[in-house]
Amino acid sequence: MIKTDLLTGKLVRLVAVEPETSSTAWARWRNNSEFGRLLDTMPATLYSTKMTQEWIEKHIEDWLAYEFNIQMLKDEKVIGFVGLDGESMSVHGDTFVGIGIGEPDYWGKGYGTEAMQLILRYAFMELNLHRVSLNVFEYNERAVKSYLKAGFKMEGREKEAMLRNDRRYDILFMGILREDWLSTNQ
Ligand SMILES: CC(C)(COP(=O)(O)OP(=O)(O)OC[C@H]1O[C@@H](n2cnc3c(N)ncnc32)[C@H](O)[C@@H]1OP(=O)(O)O)[C@@H](O)C(=O)NCCC(=O)NCCS
């Protein structure tokens, strides 16, 4: 176990976020409003590569150490990101995870679930966290299924917290405890 590369799976590996190259990809991904509306409660908006690079550089010291790009093993294409929120990592051993595969052609093929499994291994086996939390929108059924597969449990919901396309949706809260992760990953 100790000899296993924590950040490499069967399909993808987690790699460093390089501000110069990553900003081009991140800006392109965020310019797809469908992607923006799956990720964020903020109004979907457009970001230039320059703005994105500045944002990455500004945050690099705060939390980027726990932020990775998701790279395909077969051809090294970078398809998304996954990260643990360093700012909200607390003395209680809890933090939030965020994930986004920015290339829509790569949705629904198991890559995101594997990337989530890798970051959970990192969270529990390297950072020694007690739990990992996330929020997801009710309409993001693909994400909910993926998180359940990765071992998250549904913990609650903020009812009708979102208004999109003239309809109200709940924000769902999911979490995974260290002991539950260990019971299926040891
Ligand atoms: C959420 C995300 C990380 C999941 O990763 P993924 O690689 O696409 O997930 P998987 O392929 O492992 O699993 C998706 C599951 O949803 C199902 N699914 C795929 N498309 C779906 C859709 N449009 N509606 C409902 N279910 C869908 C798949 O069949 C699969 O379930 P199964 O394994 O039981 O068959 C990825 O899709 C993504 O980044 N999407 C865009 C951004 C986003 O939503 N980020 C999360 C914000 S909380």
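One-based numbering, in listed order, for ligands and for the atoms of each.
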For R30 and T52: C-alpha separation, side-chain torsions, deciding distance, then whether side-chain contact (heavy atoms from CB on, under 4.5 Å) applies. CA-CA 10 Å; R30 286 305 300 244; T52 308; over 6 Å; no
Element-labelled atoms of ligand 1 that are located less than 4.0 Å from some non-hydrogen atom of L38: 41 (C), 43 (C), 44 (O), 47 (C)
the protein heavy atom lying closest to atom 12 (O) of ligand 1 turns out to be T113 OG1, 2.4 Å
Is there a continuous path of hydrophobic side-chain contacts, each under 4.5 Å between heavy atoms, that joins L118 to L73? no
Should the heavy atoms of other residues, nucleotides or ligands under 6.0 Å from CG of D75 be counted, would the total exceed 12? yes
Heavy atoms only: give me the nearest Y139-R164 pair and the separation to one decimal. OH-NH1, 2.8 Å
So if I count the atoms of ligand 1 from 1 in the order they appear, which ones are less than 4.0 Å from some heavy atom of E141? 25 (C)
If we number the atoms of ligand 1 from 1 as shown, the ones under 4.0 Å from a heavy atom of N135 are 48 (S)
Between Y106 and Y111, how do the two ring planes meet: parallel, tilted or perpendicular, split at 30° and 60°? tilted
Is ligand 1 less than 4.0 angstrom away from at least one heavy atom of G80? no
With heavy-atom distances below 4.0 Å as the criterion, list the atoms of ligand 1 near K149. 10 (P), 12 (O), 13 (O), 33 (O)
Could you tell me which atoms of ligand 1, counted from 1 in the order shown, lie closer than 4.0 angstrom to a heavy atom of G110? 7 (O), 10 (P), 11 (O), 12 (O)
Determine, using the 4.5 Å side-chain heavy-atom cutoff (strictly less than), whether Y122 and I99 are members of one ILVMFWY cluster. yes
Measure across W107 and L38 and return the closest heavy-atom pair with its distance rounded to 0.1 Å. CH2-CD1, 4.0 Å
Considering non-hydrogen atoms of the protein only, which is the closest contact for atom 20 (N) of ligand 1, and what is the distance? R142 CD, 3.4 Å
Transitive ILVMFWY side-chain link M125 to L7, under 4.5 Å: yes
Would you say NZ of K109 has more than 12 non-hydrogen atoms from neighbouring residues, nucleotides or ligands within 6.0 angstrom? yes
Can you report which non-hydrogen protein atom sits closest to atom 7 (O) of ligand 1, along with the distance? G112 N, 2.7 Å
Quiz question for you: does at least one protein heavy atom lie closer than 4.0 Å to atom 2 (C) of ligand 1? no
Just to confirm my output: which protein heavy-atom neighbour is closest to atom 45 (N) of ligand 1, and how far is it? I99 O, 3.1 Å
Separation of L6 CG from E126 CD (nearest 0.5 Å): 5.5 Å
Could you see if M72 belongs to whatever hydrophobic cluster contains M116? Use Ile, Leu, Val, Met, Phe, Trp, Tyr and a side-chain cutoff under 4.5 Å. yes
Could you tell me which atoms of ligand 1, counted from 1 in the order shown, lie closer than 4.0 angstrom to a heavy atom of L39? 45 (N)
Counting each atom of ligand 1 from 1 as listed, which ones have a heavy atom of A143 under 4.0 Å away? 1 (C)
heavy-atom search around atom 15 (C) of ligand 1 in the protein gives K145 CB, 3.8 Å
Please identify which atoms of ligand 1 are closer than 4.0 Å to at least one heavy atom of G108. 6 (P), 8 (O), 11 (O)
Atom 26 (N) of ligand 1: protein heavy atom closer than 4.0 Å? yes
Among the heavy atoms of Y147, does any lie under 4.0 Å from an atom of ligand 1? yes
I want to know if ligand 1 touches K109 in the polar sense, i.e. an N/O pair below 3.5 angstrom. yes
Under 4.0 Å from atom 29 (O) of ligand 1, do we find at least one protein heavy atom? no
Considering only protein heavy atoms, which is closest to atom 39 (O) of ligand 1, and at what distance to one decimal place? I101 N, 2.6 Å
Is there a donor in the side chain of S23 and an acceptor in the side chain of T49, or the other way round, less than 3.5 Å apart? no
Short N or O distance, Y111 and ligand 1, threshold 3.5 Å exclusive: yes
Can you tell me the protein heavy atom closest to atom 42 (C) of ligand 1 and the distance? F35 CE1, 3.6 Å
Which residue and atom name correspond to the protein heavy atom nearest atom 40 (N) of ligand 1, and how close is it? W107 NE1, 3.5 Å
